[in-house]
Amino acid sequence: MTSDCILSNDHLSLSVATIGAEMQFLRTADGRDLLWHGDATFWTGRAPVLFPIVGRAPDDTIAVGAHRANMPQHGFARRSTFAIEAQTTTMCRHVLRADAATRAVYPFEFALRLTHALSGRTVSVTAEVENLSDQPMPFGFGFHPAFLWPLPGATDQTHMIDLPATATPKQRPLRPDGLLEPHLVPGPFQAGTLPLSEALFEEGALVFPDGTPNFLRYGPKDGPNLSFTFDNLPDIALWKPKQAPFLCIEPWHGTAALHGSGPQIADRPNSTTLQPGAQETFGYSLTVAL
């Protein structure tokens, strides 16, 4: 996949491709990689953008009113070609607009803008969804970045996910068919902390819906870490394939459909519906401490 925007400052460098407006690498000034590199042995993704659905639809079929279409997991944006709308040495903005291919499955005019920016040791990623249609537009949106596990300089240390100390988010079980169970179960966090292990992911992704705190820290208790803040992203998932040397930290607004539900996008958990001419913004930032 060819990169088209390369950003850098005194601390970090970042590359973003036109396909999917997807980050290709995130690297410290001294050459240490933080982002998964897309080896097909485990997963070809690196940091895909999820739109207009997050997760799977029943029988991979979505509906908007009477319109029905096939749509694979996580939607079409991650495979689409974005255009560059603006670029500096530390910022680039890509845009995806509706075309004949998107209208065939998702009958709306829209603009999806992704902005990546560097400031010191912090990366900010912002998405803006705009409804350019004359009818309400339902959708889900999410980010799916994969970071190295272990982080550089922390090879022998247990990595943690830390939320605010009072956070004990409930979990919605993920089924083998990619849909979510309607019920919630107690999550594995204790006093806001989750030690990471292979065993946690034996059944697939861990999904924590609706109300996840807007701060998260990833890394060993004392050592290199990434700290995240989230904007308008109430759901989060954690995922890694078996024995994969990375962890996906996935903030979402919307999730996979619930088992037993229908194909309507508007009925999916935490779906957003934009009125004509309206727009909504989602984003996260991560600060590197190595």
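- No chain of hydrophobic side-chain contacts below 4.5 Å, direct or via other Ile, Leu, Val, Met, Phe, Trp or Tyr residues, connects W36 to L286.
- With salt bridges taken as basic N to acidic carboxylate O contacts below 4.0 Å, one links R175 and E181.
- A salt bridge links E109 to R103: one of the charged nitrogens lies within less than 4.0 Å of a carboxylate oxygen.
- Taking hydrophobic clusters as Ile, Leu, Val, Met, Phe, Trp and Tyr residues chained together by side-chain heavy-atom distances below 4.5 Å, L35 shares a cluster with Y218.
- Linking Ile, Leu, Val, Met, Phe, Trp and Tyr residues whenever their side-chain heavy atoms come within less than 4.5 Å leaves V207 and F230 in two separate clusters.
- Under the 4.5 Å side-chain contact rule for hydrophobic residues, L184 and L163 do not share a cluster.
- Side chains of T61 and D59: no donor on one and acceptor on the other come within 3.5 Å.
- Residue E198 places its CD atom among more than 12 non-hydrogen atoms of other residues, nucleotides or ligands, all under 6.0 Å distant.
- Annotation: side-chain contact (heavy atoms from CB on, under 4.5 Å) contacts of V125 (sequence neighbours excluded): L114, H116, V123, F143, Y284.
- Using a cutoff of 4.0 Å between basic side-chain nitrogens and carboxylate oxygens, R93 and E85 are scored as salt-bridged.
- Between T229 and S285, the side chains place a donor N or O and an acceptor N or O closer than 3.5 Å (distance only, hydrogens not considered).
- Other residues, nucleotides and ligands contribute over 12 non-hydrogen atoms within 6.0 Å of the CZ atom of R32.
- Around atom CD of E203, no more than 12 heavy atoms belonging to other residues, nucleotides or ligands sit under 6.0 Å away.
- Between A257 and P269 the shortest heavy-atom distance is CA-CD, 4.4 Å.
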Using a 3.5 Å cut-off and no angle test, enumerate the donor-acceptor pairs between side-chain atoms of residues 270-278 and protein atoms at least two apart in sequence or in another chain.
residue: N270; atom: ND2; partner: D235; partner atom: OD1; Å: 3.0
residue: N270; atom: ND2; partner: D235; partner atom: OD2; Å: 3.1
residue: S271; atom: OG; partner: F139; partner atom: O; Å: 3.4
residue: S271; atom: OG; partner: I265; partner atom: O; Å: 3.1
residue: T272; atom: OG1; partner: H253; partner atom: ND1; Å: 3.3

